[in-house]
Amino acid sequence: MEVGVKRTTIARVFAGLGALCGAVGLLNVITNNPSTLRMAAHGWANAATLFLLIALYVLADGMVSFEKSKH
């Protein structure tokens, strides 16, 4: 397995979770029924932002480790 592939996979999982949280937050706003989802719309947006930032950090870390392994 190449260097950085595991980190790229983890970044894709976190990006998927971020997109899922964003979609749930959007549906929460559209339906205007926060009692069934146990978190307000801004909570889902905060979770999505956190997951996407973690994904970007892990992806950048994987790219840096891949570039360092080439030299």
Side-chain angles (χ1 to χ4, degrees):
M1 184 181 292
E2 291 183 31
V3 176
V5 173
K6 187 175 180 182
R7 290 184 182 111
T8 304
T9 305
I10 292 170
R12 288 178 180 169
V13 168
F14 274 105
L17 286 172
L20 182 65
C21 285
V24 169
L26 181 64
L27 287 174
N28 193 4
V29 169
I30 291 172
T31 60
N32 200 14
N33 192 4
S35 63
T36 59
L37 297 174
R38 304 279 184 199
M39 191 166 24
H42 60 83
W44 287 105
N46 288 341
T49 304
L50 179 66
F51 280 136
L52 290 173
L53 284 175
I54 291 172
L56 285 174
Y57 174 75
V58 171
L59 186 63
D61 187 42
M63 290 186 333
V64 168
S65 69
F66 179 73
E67 288 296 320
K68 282 185 179 179
S69 69
K70 289 170 93 176
H71 298 295

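Quick caveat, the model's predicted, so the values are computed rather than measured. Only heavy atoms go into these numbers, but all of them, side chains included; no hydrogens, no water, no symmetry mates.
Residues Leu17 and Ile10 fall within the same hydrophobic cluster, defined by Ile, Leu, Val, Met, Phe, Trp and Tyr side chains chained together at heavy-atom separations under 4.5 Å. No single ILVMFWY cluster, assembled from side-chain heavy atoms under 4.5 Å apart, contains both Trp44 and Leu50. Criterion: ILVMFWY side-chain heavy atoms under 4.5 Å apart, direct or through other members. Under it, Val58 and Val13 are part of a common hydrophobic cluster.
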**Study point:** CA sep, side-chain torsions, deciding dist, call: Ile30, Leu26, side-chain contact (heavy atoms from CB on, under 4.5 Å)
**Key:** CA-CA 6 Å; Ile30 291 172; Leu26 181 64; 4.0 Å; yes
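Applying the side-chain hydrogen bond (donor to acceptor under 3.5 Å, both in side chains) definition to pairs two or more places apart or across chains, those involving residues 49-63 are Arg7-Asp61. The list of salt bridge (Lys or Arg N to Asp or Glu O under 4.0 Å) pairs with a residue in residues 42-53, not counting sequence neighbours, is empty.
Between Ala48 and Gly18 the shortest heavy-atom distance is CB-O, 3.3 Å.
Atoms CE and OG, from Met63 and Ser65 in turn, are 9.5 Å apart once rounded to the nearest 0.5 Å.
Under the side-chain contact (heavy atoms from CB on, under 4.5 Å) criterion, Leu52 pairs with Ala15, sequence neighbours left out.
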